[in-house]
Amino acid sequence: QVQLVESGGGLVQAGGSLRLSCVASGRTFSLNVMGWFRQAPGKEREFVAAISKNGGSTDYAGSAKDRFTISRDYAKNTMYLQMNSLKPEDTAVYYCAAKASLTDWTIRYNTYEYNYWGQGTQVTVSS
């Protein structure tokens with residue numbers, strides 16, 4: 001089993017920055033792909049960014065490119081999302097997700113492709 005715990009959310013003004021963290025515990029060696037999703041009130045959960053253990057490849061949603069950076073510290077079993085130039089439309093609950101596989105390192109973009117989820121952390125960007 002795997003447990004994911006997010007932190008780092010909060011209230012920030014537009015243009016500000018936040019860094020989210022996701023600490024993984026349990027069978028972390030199998031977590032080939034990890035990602036961040038977000039869900040705003042009344043909307044579906046959407047992909048933000050993901051990172052693969054295979055060479056550290058990353059990908060981002062269009063709304064996150066050039067503003068957000070995903071990274072992973074394997075020694076600390078922690079994934080990060082550095083968010084800069086935040087906008088009010090970034091307001092959402094942000095979720096950490098992980099896909100467990102021993103043979104597949106392909107970045108995934110859909111919620112159903114991830115095995116484990118954190119409880120979420122609220123990010124609120126004021127205008």
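Residue indices begin at 1 and follow the sequence shown. The model shown is predicted, which means the values in this text are computed figures rather than measured ones. Heavy-atom basis, side chains included; hydrogens, waters and symmetry copies ignored.
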For the side chain of Asp104 and the backbone of Ser101, is there at least one donor-acceptor N/O pair under 3.5 Å apart?
-> no

Nearest non-hydrogen partners of Ala100 and Asn115, listed with the distance = N-OD1, 2.6 Å

Where do Tyr74 and Thr28 land on the side chain to side chain contact (heavy atoms under 4.5 Å, CB included) test, with the steps shown first?
-> CA-CA 9 Å; Tyr74 294 94; Thr28 58; over 6 Å; no

Summary of side chain to side chain donor-acceptor pair (under 3.5 Å) pairs that have at least one residue in residues 11-22, sequence neighbours excluded = Ser17-Asn84

Decide whether Trp117 and Ile51 are clustered together by the hydrophobic rule: side chain heavy atoms of Ile, Leu, Val, Met, Phe, Trp, Tyr closer than 4.5 Å, transitively.
-> no

Side chain to side chain, Leu20 and Met83, heavy atoms closer than 4.5 Å | yes

Considering all heavy atoms of both residues, which atom of Ser127 and which atom of Pro88 are nearest to each other, and what is their separation?
-> CB-CG, 3.9 Å

Under 3.5 Å donor-acceptor, Asp73 side chain and Lys76 backbone | yes

Over-ring placement of Arg45 relative to Tyr95, 6.0 Å and 45° cut-offs | yes

Does some side-chain heavy atom of Thr124 sit less than 4.5 Å from a side-chain heavy atom of Val12?
-> no

Examine distances only and state if a side-chain atom of Ser52 and a backbone atom of Trp105 form a donor-acceptor pair shorter than 3.5 Å.
-> yes

Please report the closest heavy-atom contact between Ala98 and Leu31, naming both atoms and the distance.
-> CB-CD2, 3.8 Å

How long is the gap from OG1 on Thr121 to CG on Leu18, to the nearest 0.5 Å?
-> 8.5 Å

Which disulfide bond (SG atoms under 2.5 Å apart) pairs, counting each pair once, include a residue from residues 98-127, with sequence neighbours left out?
-> none

Would you confirm whether Asp59, through its side chain, and Ala50, through its main-chain N or O, come within 3.5 Å as a donor-acceptor pair?
-> no

Reference residue Phe37; test ring-ring contact (aromatic ring centres under 6.0 Å, His included); the match among Tyr94, Tyr114, Tyr112 = Tyr114

Indicate the atoms forming the closest heavy-atom contact of Leu102 with Asn32, along with that distance.
-> C-ND2, 3.9 Å

Where at least one partner belongs to residues 6-55, residue pairs that pass disulfide bond (SG atoms under 2.5 Å apart), sequence neighbours excluded = Cys22-Cys96

Give the C-alpha distance, both sets of side-chain angles, the deciding distance and a yes or no for side chain to side chain contact (heavy atoms under 4.5 Å, CB included) between Val93 and Arg38.
-> CA-CA 5 Å; Val93 177; Arg38 68 186 184 186; over 6 Å; no

About how many Å separate CG of Leu4 and CE of Met79, when rounded to the nearest 0.5 Å?
-> 7.5 Å

Got a second to check how far Thr91's OG1 is from Gln122's CD, nearest 0.5 Å?
-> 7.0 Å

Flag yes if Val48 and Tyr116 sit in one hydrophobic cluster, no otherwise; membership is Ile, Leu, Val, Met, Phe, Trp, Tyr, and two members link when side-chain heavy atoms are under 4.5 Å apart.
-> yes

What's the spacing between Ser71 OG and Tyr80 OH if we round to 0.5 Å?
-> 7.0 Å

Atom CG of Leu86 and atom CZ of Arg67: how far apart are they, to the nearest 0.5 Å?
-> 6.5 Å

Please step through side chain to side chain contact (heavy atoms under 4.5 Å, CB included) for the pair Glu46 and Gln39, ending with a clear verdict.
-> CA-CA 6 Å; Glu46 64 176 6; Gln39 188 166 20; over 6 Å; no

Between Asp66 and Tyr60, a side-chain donor and acceptor under 3.5 Å = no

Stepwise side chain to side chain contact (heavy atoms under 4.5 Å, CB included) check, Val125 with Leu11 = CA-CA 6 Å; Val125 184; Leu11 173 64; over 6 Å; no

So, Ser63 side chain and Ala61 main chain: donor-acceptor pair closer than 3.5 Å or not?
-> no

With side chains defined as the heavy atoms from C-beta onward, is the minimum distance between Met34 and Lys99 less than 4.5 Å?
-> no

Are Trp36 and Phe47 close enough that their ring centres sit under 6.0 Å apart?
-> no

